[in-house]
A.B. asks: 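This is the structure, below, for whatever I ask next.
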Amino acid sequence: LRELRDFYVPCLGLWIASPLLSLVDTASVGLSAGRGQGAARLGALGPATTFIDGSTYLFAFLNVATTNLYASAAATADA
């Protein structure tokens, strides 16, 4: 059970990190914007956040491939 936890916690962190960082970016830009500038700055942040999150999910195949390779190696080791 410990080996499984040591494997899935970093994988879970991979999926949670990007939306969480986007939320922090949006909050910090919104709070640090001057009076009357918040909408323009958040509007500029929107496409960048969408691009970064999209590219993260595009390359999620690395996570899936690693999981499959690890499972195959573990299955042959048990056999």
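The structure presented is a predicted model; accordingly, all values stated were derived computationally and were not measured. Side-chain atoms are counted along with the backbone in the values below, which use heavy atoms only and exclude waters and symmetry mates.
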A.B. asks: Looking at OG of Ser28 and CG of Leu21, how far apart are the two atoms once the value is rounded to the nearest 0.5 Å?
C.D. replies: 10.5 Å
A.B. asks: What residue pairs, at least two apart or across chains, pass side-chain hydrogen bond (donor to acceptor under 3.5 Å, both in side chains) with a residue in residues 42-53?
C.D. replies: Ser18-Asp53, Ser22-Asp53
A.B. asks: Kindly give the heavy-atom pair with the smallest separation between Thr26 and Leu42, and that separation in Å.
C.D. replies: O-CD2, 3.6 Å
A.B. asks: Using ring-ring contact (aromatic ring centres under 6.0 Å, His included) as the criterion, list what pairs up with Tyr70, not counting sequence neighbours.
C.D. replies: Phe7
A.B. asks: Test of understanding: clusters of I, L, V, M, F, W, Y form through side-chain heavy atoms closer than 4.5 Å, transitively. Do Val64 and Phe59 belong to the same one?
C.D. replies: no
A.B. asks: What's the shortest heavy-atom distance between Gly38 and Ala33, and which atoms?
C.D. replies: CA-CB, 3.6 Å
A.B. asks: Quick one: does Ser72's side chain have a donor or acceptor within less than 3.5 Å of a partner on Leu69's backbone?
C.D. replies: no
A.B. asks: Locate the shortest heavy-atom distance separating Arg5 from Pro10; write the atom from each residue and the value.
C.D. replies: O-CD, 4.4 Å
